[in-house]
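Chain letters run A, B, ... following the sequence lines, proteins first and then strands; every chain starts at 1. All values below come from the heavy atoms of this structure, side chains included, with hydrogens, waters and symmetry mates left out.
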Amino acid sequence: MRVSQSFIPTHKESPTDAEVISHKLMVRAGMIRKLAAGIYSVLPLGLKVLRKVENIIREEMNRIGGLETFLPSIQPAELWQESGRWDFYGKELLRIKDRHGREFCYGPTHEEVITDLVRKEIKSYKQLPLMFYQIQTKFRDEVRPRFGIMRGREFMMKDAYSFHTDENCAKETYEKTKVAYSNVFKRCGLDFRMVEADSGTIGGSFSHEFSVLAESGEDAIGYCESCSYASNLEKTESQVPLDIGESELSAELEKVDTPNKKTITEVTDFLEVSPKNLVKTIIFQTEKELVAALVRGDHEINPVKLKNLIDCSVLESASPEVIEKTTNIPCGFIGPSGLGLKVYADLSIPLMKNFIVGGNEKDTHLRGVQPDRDFKIEKSGDIRLAKENDPCPKCSDGKIQIKRGIEVGHIFILGKKYSSALKANYLDPNGKSLPMEMGCYGIGVGRTAAAAIEQNHDEKGIIWPTPLAPFQVIILPVNYADEQTKEASDLAYQKLWDKGIETLLDDRKDRIGVKFKDADLIGVPLQLIFGPKNLKENQVEVKIRKTGESQLHPFPEILDRIEEILAPL
RNA sequence: CGGGGCAUAGCGCAGCCUGGCUAGCGCACCUGCUUUGGGAGCAGGGGGUCCCAGGUUCAAAUCCUGGUGCCCCGACCA
């Protein structure tokens, strides 16, 4: 490709609405343009990168027996009503009507469609297992799209669905997919972790996420510094702290005045005690009622764990207005004793003694509080957010460390949720009709490309891992108007394409400085710089984008060694 | 959905507070000449629904009301 005949509209400045580096650089490098909130046009250079990611995914999915399909993005409401998700999915589901007033949605995911296909076509255990996949745009009407292509509303996704006769078979495929996904992200040149994840409302038995480590990541990852344990922080298991059960406070229950002291810090400073002597009471709203959750003063609630403990389908933090109206207690002074709500407690709470809680009236706290004696716990379990340096739940001596990550892939076992709802049954060898076991597996294509930029850039621009680079080599003639330079550049361009190396020739009339800036910005791994002085000596400069290293090589002999130079990049 | 902010040329911004002259700057773009190893110089030029609607006024980018779009923080989220 010649730059003069291509369309790579680069910018010196980042758009003001871009927050993260990948968004800024993708816009500046002429890869994407925004059309509306969370909706982007992909330009030729951007598409080349997405296609690289897609092809890597395709190869790895095909290798484990995935069958590529292409499912409709517009899906009938009936199918979603049948699975129960038409009502459940909420506002994220973009609903539309056709000319006859029939309801449809723009697919945010494809469990319904694929299960419908399978239930109509697959009848026998002899036809199973099967795994279908597709690469296609999804639409999820996110409340707050941001970070460019990383969290858009319309986005490219590879989704796969597997169907099995039994759970063991599903697990086998799940394990194969783990390997395939690891290969995909390795081949993309990413530093990633496979982490345990919450399977959430999907209801499956287990789930893993593939998370690319980056400061800008929206997820927190808790991992053990000494063993292989790694999990999404919302899933990271917490142990009872070693210092639990100690208390320097008296066991006698007493009311204390805490005028206007609402926060943990205010109360502990005022009473001159450690936050470890306090128990926080946080009020949540479920689909049925208000509930109270307890954790130690220096801990935080993990809503995902709490939701699992309560076993409810909706869990939101209650607003101060609702809390005060329902309980008649001002926020900041709520405690479990005589509260009148169900109390769910972290597993450390029953082991604590003589602690301080809200007094359930204005400007009052209680001290010397003990579980059972002073309040009743509905249910206790692990509901706190893991903290850095918590003991590892899997090994004896490790401590939990926390890093941020970008979720680029997520796999889970679905069980029979969709096959039961949509009656996707097969006949077993005894002629008995049974619902299929299912698994589902997703990779965000655009997000993977963006994550690659988050991990591979410098102040000059993108530094593509070679497998994702839109071009492997860029030819930069110092002055394309110079006859000898032009001749050499054209020759190199021709020869490299003959070898199958994707090469970009910057044949513009601009000064070399402009070409350098653009080449650095769009992140082509290898730059070949042709200038009249070096050419007189039959030499060409070969520069590596990533390191900035540059060497003179004999021309045209060097053209035969380009693959060799590219290989380690 | 709650809180905050922004909207002026393709991009980045100034002007608005305190209404008034042809709405301005940098980059980008067009023409010509010069230049060619890290975003060139000179000269000339094109491009505006100042987000939309209404109001106040002799006069509105500027003040007022309403709307829309976008961004940020939070809540939410496979």
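The separation of B/U68 from B/C29, taken at their C1' atoms, amounts to 31 Å, rounded to a whole angstrom. For B/U62 and B/A9, the P atoms lie 15 Å apart once the distance is rounded to whole Å. B/C17 and B/G10 are spaced 30 Å apart, taking the C1' atom of each and rounding to whole Å. Look at the P atom in both B/G39 and B/C33: the space between them is 24 Å, to the nearest Å. A distance of about 22 Å separates the C1' atoms of B/G47 and B/C42, rounded to the whole Å. Separating the P atom of B/G4 from that of B/G46 is a span of 45 Å, rounded to the nearest Å. Taking atom P in both B/C30 and B/C64, one finds a spacing of 42 Å when rounded to whole Å. Rounded to a whole angstrom, the distance from the C1' atom of B/C51 to that of B/G44 is 33 Å.
As rounded to whole Å, 11 Å separates atom P of B/U35 from atom CZ of A/Arg511. Atom CD1 of A/Ile512 is separated from atom P of B/G38 by 9 Å (rounded to the nearest Å). Put simply, NZ on A/Lys509 is 16 Å from P on B/U35, counting in whole angstrom units. Atoms CG (A/Asp510) and C1' (B/G41) sit 15 Å apart, rounded to a whole Å. As rounded to whole Å, 11 Å separates atom C1' of B/C11 from atom NZ of A/Lys12. In this structure, NZ of A/Lys34 is placed 12 Å from C1' of B/A7, rounded to the nearest angstrom. Nucleotide B/G38 holds its P atom 13 Å from the NZ atom of A/Lys460, rounded to whole Å. The distance from atom CZ of A/Arg85 to atom P of B/A78 is 10 Å, rounded to the nearest whole Å.
Salt-bridge check for A/Lys235 with A/Glu209: failed, with every basic side-chain N at 4.0 Å or more from each acidic carboxylate O. With respect to the salt-bridge test (charged N to carboxylate O, under 4.0 angstrom), the residues A/Lys171 and A/Glu175 do not qualify.
No N or O donor and acceptor, one from the side chain of A/Glu13 and one from the base of B/G39, sit under 3.5 Å apart. With hydrogens and angles left out, the side chain of A/Asp518 and the base of B/G38 share no donor-acceptor pair within 3.5 Å. Judged by distance alone, with hydrogens and angles left aside, A/Arg144 brings no side-chain donor or acceptor close enough to the base of B/C1 to form a pair under 3.5 Å. A donor N or O paired with an acceptor N or O is found under 3.5 Å between the base of B/G38 and the side-chain atoms of A/Asp520.
Under the 6.0 Å cut-off for aromatic ring centres, A/Tyr344 and A/Phe284 do not qualify, their centroids lying 6.0 Å or more apart. Aromatic pair A/Tyr418/A/Tyr161: centroids not less than 6.0 angstrom apart. Aromatic rings of A/His23 and A/Tyr40 (six-membered ring for Trp) have centroids within the 6.0 Å cut-off, being under it.
For A/Asp17, whose side chain is taken as the heavy atoms from C-beta onward, the closest listed nucleotide among B/A40, B/G37, B/C71 is B/C71. When the nucleotides B/C77, B/A78, B/C71 are ranked by their closest atom to the side chain of A/Ala37, B/C71 comes out on top. Between B/A78, B/G39, B/G37, one nucleotide has an atom nearer to the side chain of A/Glu541 than all others, and that is B/G37. Each of B/C27, B/G38, B/C77 was ranked by its minimum atom distance to the side chain of A/Phe516; first place goes to B/G38. Listed nucleotides B/G12, B/U36, B/G39 differ in distance to A/Val514; the shortest reach to its side chain belongs to B/G39. Nearest to the side-chain atoms of A/His11 among the listed nucleotides B/G39, B/C76, B/C11 stands B/C11.
Aromatic ring orientation, A/Tyr89 versus A/Trp80: perpendicular (interplanar angle above 60°, classes split at 30° and 60°).
Put simply, A/Thr109 has no side-chain N or O that comes within less than 4.0 Å of OP1 or OP2 on B/A78. Considering only side-chain N and O atoms, A/Thr16 lies nowhere under 4.0 angstrom from the phosphate OP1 or OP2 of B/C6.
In this structure the side chain of A/Glu82 never reaches within 4.5 angstrom of the side chain of A/Glu112, judged on heavy atoms.
Among the atoms of the strands shown, none is found under 4.0 Å from any heavy atom of A/Asn232. Among the atoms of the strands shown, none is found under 4.0 Å from any heavy atom of A/Pro108. Using a 4.0 Å heavy-atom cutoff across all strands shown, A/Arg508 reaches no nucleic acid atom at all. A/Arg33 comes within 4.0 angstrom of no nucleic acid atom, judged by non-hydrogen atoms across all strands.
Among all heavy-atom pairs drawn from A/Leu521 and A/His11, the shortest one is CD2-O, 4.0 Å. Closest approach of A/Ala424 to A/Thr115, counting heavy atoms only: CB-CG2, 3.7 Å.
From A/Ile301, atom CD1 reaches atom CG of A/Asp346 across 8.0 Å, with rounding to the nearest 0.5 Å.
With A/Trp86 as the aromatic partner, A/Arg95 meets the cation-pi criteria of under 6.0 angstrom to the ring centre and within 45 degrees of the ring axis.
Comparing A/Ala481 and A/Glu209, the nucleotide of RNA chain B nearest to each residue sits closer to the 5' end for A/Ala481. Both A/Thr10 and A/Arg151 lie near RNA chain B, and the one whose nearest nucleotide falls closer to the 5' end is A/Thr10.
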Problem - Verdict with supporting geometry, A/Met131 and A/Tyr441, side chain to side chain contact (heavy atoms under 4.5 Å, CB included) - result: CA-CA 10 Å; A/Met131 174 155 66; A/Tyr441 321 87; 3.9 Å; yes
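Remark: RNA chain B forms stems of 3 or more consecutive Watson-Crick or G-U wobble pairs, all pair distances under 3.5 Å, at B:1-7 with B:68-74, B:10-13 with B:24-27, B:29-34 with B:40-45, B:51-55 with B:63-67.
Taking a 4.0 Å limit (strictly below) on heavy-atom distances, residues 133-140 of chain A reaches RNA chain B at A/Arg140.
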